[in-house]
Amino acid sequence: MQPRPLPVPVPIPADVFEAEDRVRPFAIETPLLRSDALDAAAGASVWIKPECLQVTGSFKIRGASNRLSKLSETERARGVVAYSSGNHAQGVARAARQLGMLATIVMPSDAPLVKVEGVRSDGADIVFYDRWHESREDIAADICDQTGATLVPSYDDADIIAGQGTAGLEFARQMQAAGEPLHHLVCCVGGGGLISGIALAFSALSPDTRIWGSEPEHHDDWARSLESGAIVANSKEAPSSICDAILTPQPGDVTWAVGGSRLAGGFRVSDADVASAMRFAFRHLKLVVEPGGAAALAALLHRMPESSRGQRLGIVLTGGNVDPALFARLIAPSGPDQGPG
């Protein structure tokens, strides 16, 4: 399947390598973790990349810092605008603070308090909106028109993708150092910025590794797009999911141009699968992982084919910013969990 030409930049592996120096002052190199309990549950050798331990609690700082670092002095003086209910907002706010820039974040009025407080703690201005009756895109565009600020997309942007891809460079190099190249890598996918960046990195450093997405069932636009060879949108009537951070309408044009030809396919996970994965991570890995961030682990525990048994598998736990009350409910024994954990 060949992605269609786009009138905007599409990143290549070299862009991910070049992003490393820009991202390094903002992000940490997250370690790889192993777990005997997870190996036993998966019937495979599993390596975990815990981006839930990253600065701001998710991988989003990588793309935000790469994008903002490339702005000119004139653009920096005018500030940036982003719309997000969570992790992207915190990544942009933190990168802007470190660069001495003003950031304005358009957030829904019902955004989790833990994420609102995270944005505020980095000095960003917040503009709240009613997600049911107002358009965050229109609000952000108006702010940019009035101030000259730069809009920072959450995923469908070459610099964002390249920055997120630095997680893939780390993962591939860490596996090279262990002398254990991965057969498969599973990562959650929403708009596709992270998984597309990872695919670019692995295409350069570990081209035989197959990259798979994991999405909530009924929001499986990437899986269906990969199966059909063209972008397919989710139904507007699709039921919601606890994986709010990765619920996007369809693959982005730029992310699809990268990932459409590089990803092996996708897994669909239920909310019960995700709750089970969150509980497993808390019990066996001692990690707090948000629902969307646990989608790859959910696929590993519940959806991997028998053919993967005995192989080397990698997963990315992408974020840990979860409302405490929701987390407590989901990891409780009476929560929606019928799987291992």
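Among residues at least two apart or in separate chains, salt bridge (charged side-chain N to carboxylate O under 4.0 Å, His left out) pairs with a member in residues 199-222 are Asp220-Arg224, Asp220-Arg268. Among residue pairs with one or both ends in residues 216-244, those qualifying as ring pair (Phe, Tyr, Trp, His ring centres under 6.0 Å) are Trp222-Trp256; sequence neighbours excluded. Within the structure, every pair that satisfies the salt bridge (charged side-chain N to carboxylate O under 4.0 Å, His left out) test and touches residues 39-53, not counting sequence neighbours, is listed here: Arg34-Asp39, Lys49-Glu170, Glu51-Arg62.
Under a hydrophobic clustering in which Ile, Leu, Val, Met, Phe, Trp and Tyr are joined whenever their side-chain heavy atoms come within less than 4.5 Å, directly or via other members, Ile160 and Phe26 fall into the same cluster. By the criterion of side-chain heavy atoms lying less than 4.5 angstrom apart, applied directly or through intervening Ile, Leu, Val, Met, Phe, Trp or Tyr residues, Phe267 is grouped together with Ile48 in one hydrophobic cluster. Residues Val289 and Val55 are members of separate hydrophobic clusters, defined by side-chain heavy-atom contacts under 4.5 angstrom among Ile, Leu, Val, Met, Phe, Trp and Tyr. Cluster annotation: Leu102 and Leu68 are assigned to distinct hydrophobic clusters (Ile/Leu/Val/Met/Phe/Trp/Tyr, side-chain heavy-atom contacts under 4.5 Å, transitive). Residues Leu200 and Tyr155 fall into different hydrophobic clusters, defined by Ile, Leu, Val, Met, Phe, Trp and Tyr side chains chained together at heavy-atom separations under 4.5 Å.
The backbone N or O of Ala325 lies less than 3.5 Å from a partner atom in the side chain of Asp323, making a donor-acceptor pair. One N or O on the side chain of Glu134 and one on the backbone of Asp130 form a donor-acceptor pair closer than 3.5 Å. Of the possible polar contacts, one joining the Asn234 side chain to the Thr248 backbone as a donor-acceptor pair under 3.5 Å is found. Checking side-chain atoms of Arg76 against main-chain N and O of Leu71 turns up a donor-acceptor pair under 3.5 Å. A donor-acceptor pair under 3.5 Å links the side-chain atoms of Arg262 to the main chain of Val258, judged by distance alone. Under the 3.5 Å distance criterion, the side-chain polar atoms of Ser308 are left unmatched by any main-chain donor or acceptor of Met304. Under the 3.5 Å distance criterion, the side-chain polar atoms of Thr255 are left unmatched by any main-chain donor or acceptor of Gly192. When atom types are taken as modelled, the side chain of Ser241 and the backbone of Pro216 share no donor-acceptor pair closer than 3.5 angstrom. Distance alone, capped at 3.5 Å, places no donor-acceptor pair between the Gln90 side chain and the Ser58 backbone. For Asn321 (side chain) and Glu290 (main-chain N/O), no donor-acceptor pair under 3.5 Å exists by modelled atom type.
Taking the charged nitrogens against the carboxylate oxygens, Arg78 and Glu73 have no contact shorter than 4.0 Å, which rules out a salt bridge.
Separation of atoms OG (Ser109) and CE (Met107) is listed at 10.5 Å; rounding is to 0.5 Å. With rounding to the nearest 0.5 angstrom, the CD atom of Gln98 is 12.5 Å from the CE atom of Met101. Distance check: Leu317 CG to Leu53 CG gives 8.5 Å after rounding to the nearest 0.5 Å. Here Ile28 contributes atom CD1 and Ile61 contributes atom CD1; the two are 11.0 Å apart, rounded to the nearest 0.5 Å. Note that CD1 of Ile198 and CG of Leu263 are 10.0 Å apart. Values are rounded to the nearest 0.5 Å. Taken from OG in Ser84 to NZ in Lys115, the straight-line distance is 7.5 Å, to the nearest 0.5 Å.
In this structure the side chain of His284 never reaches within 4.5 angstrom of the side chain of Asp36, judged on heavy atoms. For the pair Leu330/Pro291, a side-chain contact is recorded, criterion being any heavy-atom separation below 4.5 Å from C-beta on. The side-chain heavy atoms of Trp47 and Leu33, taken from C-beta on, include no pair separated by under 4.5 Å. Side chains of Val316 and Ile195 form no contact here, defined as non-hydrogen atoms less than 4.5 Å apart. Annotation: side chain of Phe128 is in contact with side chain of Val116 (closest heavy-atom distance under 4.5 Å). By the 4.5 Å heavy-atom criterion applied to side chains, Glu20 and Leu169 are counted as neighbours. The shortest distance between side-chain heavy atoms of Leu287 and Pro50 falls below 4.5 Å. For the pair Asn87/Thr56, no side-chain contact is recorded, criterion being any heavy-atom separation below 4.5 Å from C-beta on.
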Might you work through the side-chain contact (heavy atoms from CB on, under 4.5 Å) test for Gln176 and Arg173, ending with a clear yes or no?
-> CA-CA 5 Å; Gln176 286 177 340; Arg173 286 178 180 144; 4.1 Å; yes
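The nearest pair of heavy atoms linking Val119 to Ala89 is CG2-CB, 3.7 Å. Shortest non-hydrogen contact noted between Gly252 and Ile231 is O-CD1, 4.2 Å. Listed here is the closest heavy atom pair of Gly63 and Gln164: N-OE1, 2.7 Å. Taking every heavy atom of both residues into account, Ala42 and Leu300 meet most closely at CB-CG, 4.1 Å. Of all the heavy atoms in Pro11 and Val254, the pair that sits closest is CD-CG1, 3.9 Å. For the pair Val269 and Ala295, the tightest heavy-atom approach, listed with the atom from each and the gap, is CG1-O, 4.0 Å.
Between the side chains of Ser276 and Asp273, no donor-acceptor pair of N or O atoms lies under 3.5 Å.
Taking a 4.5 Å side-chain heavy-atom cut-off between Ile, Leu, Val, Met, Phe, Trp and Tyr, the cluster of Ile143 extends to Val81, Tyr83, Val106, Val127, Tyr129, Ile139, Leu151.
Under a cut-off of 6.0 angstrom, the local environment of CG in Asp145 is crowded, with over 12 non-hydrogen atoms contributed by other residues, nucleotides or ligands.
Only one option out of Asp157, Asp15, Asp159 pairs with Lys70 in a salt bridge (charged side-chain N to carboxylate O under 4.0 Å, His left out); it is Asp159.
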Report, one line per pair, each donor and acceptor closer than 3.5 Å where one atom sits in a side chain of residues 177-189; sequence neighbours left out.
residue: His183; atom: ND1; partner: Arg312; partner atom: N; Å: 2.9
residue: His184; atom: ND1; partner: Trp212; partner atom: NE1; Å: 3.0
residue: His184; atom: NE2; partner: Gln311; partner atom: OE1; Å: 2.9

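A search for side chain to side chain donor-acceptor pair (under 3.5 Å) contacts involving Asp21 returns Arg24, not counting sequence neighbours.
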